[in-house]
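Contents: one structure, followed by commentary.
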Amino acid sequence: ENVVRHGYPGDEVIAGRQWDYFMLAPSGSFLPWDHLLYYISAFLYKVFSVFKEPPLFSFLFYLPLLFMYAFIVSLFFFSFQYGKYIAGITSCLFVGLSPMFIPRSCAGWFDTDILNLLFPLLIMWTYLLSSASLYFKRKLFWICLSSLLVGLFCFTWTHWWFVFLFIILYEFIFMICLGFGYFYQKKGNLYPLKRHFFSVSLFISLSFFCIFVLAGREPLAILFNQVKEALSLNKPLIASIWPNVYFTVGELRRTSFLEIERSVGGVWVFVPSVVCLFAILIRALFCRAYSDFKRNSIIIIAIWFISMVFAASRGVRFIVFLLIPLGVSLGWVMNDMFEYLMKKRNAIGIAVVAAVLIVVNAGFISKGHNAAKGIFPLMDDTWYRVLNLIKEKTPGETIINSWWDFGDWFKVVSKRRVIFDGQSSFTPQVYWMAKAMLTDNENEAVSILRMLNNGGNKAFEIMDEYLKDPLLSVLLLENALLAPAEKKRDALQKFLPSDVIENVSKILTHNPARADFVVDHTMPYKIPAISYLGNWDFSKVYIAQNFDNREKDKIIDNLKNLGRDEQKMQQFYQEAFLISAKKRGEWLSRRLQFYGPLANGSEKDGIVFFDNGLAYNISERTLQSNNGQVPRSSFVADDNNVIETAYPNANVIFSVLIFKAEDGYKSIFLDPELGRSMFVRLYFLNGKGLRHFLPFVDAQEGNNYIRVFDIAW
């Protein structure tokens, strides 16, 4: 939208970089360098508008289909080289109808997922063509084209480097083998080794040049750190004291080999494809059955596959990158078998292979159809109406406070700034927002939100710039947030000079611009992730980070000096000593959850009977259960508070929340720590009894709510 309007994707250009005022409010943030999708989409829209000018977002809704078409055509011609029509068609059906691929290539999915497959395919293809070229000019042309594609891929996605590393690894393996043959086995000559060294050196140099021209120096400056971070992508404990949000993202959760197999299409697809890949690799390496081009191809395809199996085990979203090597290998072997039987004129064998091809490809079509049937737009009509109400009924400077999932919707539809979004969910703001949702202290929640809306995480940054101690800074800040407004300065005076206190106090005490808080029906299912981040224990983090390199007494003394209870810290240290490294992630925090959906209840003679088997006596506050489950306690809302009643005969770990809505009584099972949390009081109780959260928009469909509150500072 910005590119169409004024020629660049940011809201403003500052020092040559794109600045986004809507992300990480109130200050905004620089955009990363991956702008190609914005520019190419705006260019295609303007070209299309010459013939017919549709609404921009209608055009963008269908644009992924064009990208998908370009990818499938490229995949067909790439596979065609290895097995003509059989390989081309089989690989395209394998990849294009995969349940992992369809949701990322359908209309409405305006993202880089398709381009993230297209560019690596083209980069690998053009580099392979360069390695097979006997003429210098042709080799130079393909290397230049491959390098340009690396630059474009970098301009498309911040994690562009994986295919770049595949090619370097491929060349490294070749040079090791050639060097071993020449220097130790005294075979051949140095020309092939020099040729490979020249190719990879030129490829690296030209790729870096293209990246610098298209995306600037930042991708190259942080390349090493990106690769290192990728190895700890979903580890809960990283070098920073802050929780790693990627550890909680569903798409980046760890996955098993069985889940990889199921996601690709099931055992009947995955196992034969893997067998085909390694069968081709063995034939290429030991039987010399293929030309140099095909032999080089299967080596780099195998590197791709093995690397992506590792990546997929670290994050489920990377399974989609396995489709290309598996699809190409399956089609390749199918064609080899067919050609072999044709040469032998084995009619029965030909018929069997043809039948297998038909059955396999029909299976791809069936699975693709089933996957497509379940795809719906993420944004429904109710959400769209709510977003437009926010746009119409709030001033333009309003900041939306919510979880990061919907940040882009608030920015694009409501035209409002957000605390964070999907592109900035890795920032410390995620911890503070989760903590505000989990606390049962309204004043603490408002203090956190005031800090976020005045300066994001700037209060911590100002303090840590002076203290140079992240743990001390965050613990000191948490103490200040809990203190009343008139005593916040007192909480800081022991450690900070007056000028630093003045700057931090402004952020913690001044009333921000208009702000709204939004909760919706998907958040109860996200509470395990939200609670893991919000319950992050910095004392445990300090112990875990220093466990192997500091003495116990020093660790405990440091925490004691920071105001932590010595006995509790001793307990934490002992726990850290006993817990294995693999389980330490869950020790650092605690996940909370709701147990099942809302249950409806009907009242008769002062007793409410719920669909989940509970019967609640309103006057006596007692529970009975027809399935034998007795909750630990009940949480019931009165006019201004939430009252907990414990049950000594409890036999389950969870409690129950009971409340009366406009359409009758409701109940839901939940962990006791959630019973009085701000999230429960906002989402289920509609802010009842809260002073700082005023109901503004309330949309309901059955037991699903979208609720917007004005924050009364």
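These numbers were taken from a predicted model, which means no experiment stands behind them.
To the nearest 0.5 Å, atom CD of residue Gln570 and atom CD of residue Gln567 are 8.5 Å apart.
In this structure the side chain of Asn443 reaches within 4.5 angstrom of the side chain of Arg691, judged on heavy atoms. Contact of the Tyr647 side chain with the Ser634 side chain is registered, since non-hydrogen atoms from C-beta on lie closer than 4.5 Å. At least one side-chain heavy atom of Phe693 sits under 4.5 Å from a side-chain heavy atom of Met678.
Residue pairs meeting the salt bridge (charged side-chain N to carboxylate O under 4.0 Å, His left out) criterion with at least one partner in residues 410-438, sequence neighbours excluded, are Glu1-Lys415, Asp20-Lys411, Asp408-Lys411, Lys411-Asp421, Lys435-Glu444, Lys435-Glu478. Listed by first and then second residue, the ring-ring contact (aromatic ring centres under 6.0 Å, His included) pairs that reach into residues 438-483 are Trp242-Phe460, sequence neighbours excluded.
With Phe669 as the aromatic partner, Arg632 does not meet the cation-pi criteria of under 6.0 angstrom to the ring centre and within 45 degrees of the ring axis.
Side-chain atoms of Asn535 come within 3.5 Å of backbone N or O of Arg590 as a donor-acceptor pair. Under a 3.5 Å cut-off, the side chain of Ser625 and the backbone N or O of Gln629 do form a donor-acceptor pair. Panel note: side chain Ser531, backbone Ile527; a donor-acceptor pair is recorded below 3.5 Å. Lys666 contributes no side-chain N or O that, together with a main-chain N or O of Gly601, makes up a donor-acceptor pair within less than 3.5 Å. Looking at Ser633, its side chain never comes within 3.5 Å of a backbone N or O of Ala646 through a donor-acceptor pair. When atom types are taken as modelled, the side chain of Gln700 and the backbone of Gly702 share a donor-acceptor pair closer than 3.5 angstrom. For the pair Asn686 (side chain) and Lys688 (backbone), a donor-acceptor distance under 3.5 Å is absent.
Leu614 and Leu623 make their closest contact through CD1-CD2, 4.3 Å (heavy atoms, listed as atom of the first residue, atom of the second, distance). Here the closest heavy-atom approach between residue Pro26 and residue Asn453 is recorded as CG-O, 3.4 Å. Across every non-hydrogen atom of Arg450 and Leu508, the tightest pair is CD-O, 3.1 Å. Across every non-hydrogen atom of Leu438 and Ser677, the tightest pair is O-CB, 3.4 Å.
Within 6.0 Å of CD on Glu392 lie more than 12 heavy atoms contributed by other residues, nucleotides or ligands.
Under the 4.0 Å criterion applied to side-chain N and carboxylate O atoms, Glu442 and Arg681 are not assigned as salt-bridge partners. Ion pairing of Arg676 with Glu644 is present here, as a side-chain N (NZ or NE/NH1/NH2) and a carboxylate O approach within less than 4.0 Å. Comment: Asp565 does not engage Lys560 in a salt bridge, judged by the lack of any side-chain N to carboxylate O separation of less than 4.0 angstrom. Residues Asp490 and Lys488 are not paired through a salt bridge, judged by the lack of any N-O separation under 4.0 Å between the basic side chain and the carboxylate.
Applying the ring pair (Phe, Tyr, Trp, His ring centres under 6.0 Å) test between Phe684 and each of Tyr665, Tyr705, Phe594 identifies Phe594 as the sole match.
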Exercise for review: Could you please spell out the steps behind the side-chain contact (heavy atoms from CB on, under 4.5 Å) verdict for Phe654 and Leu670?
Suggested key: CA-CA 5 Å; Phe654 48 78; Leu670 74 176; over 6 Å; no

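Trp383 and Phe406 have their aromatic ring centers within a separation under 6.0 angstrom.
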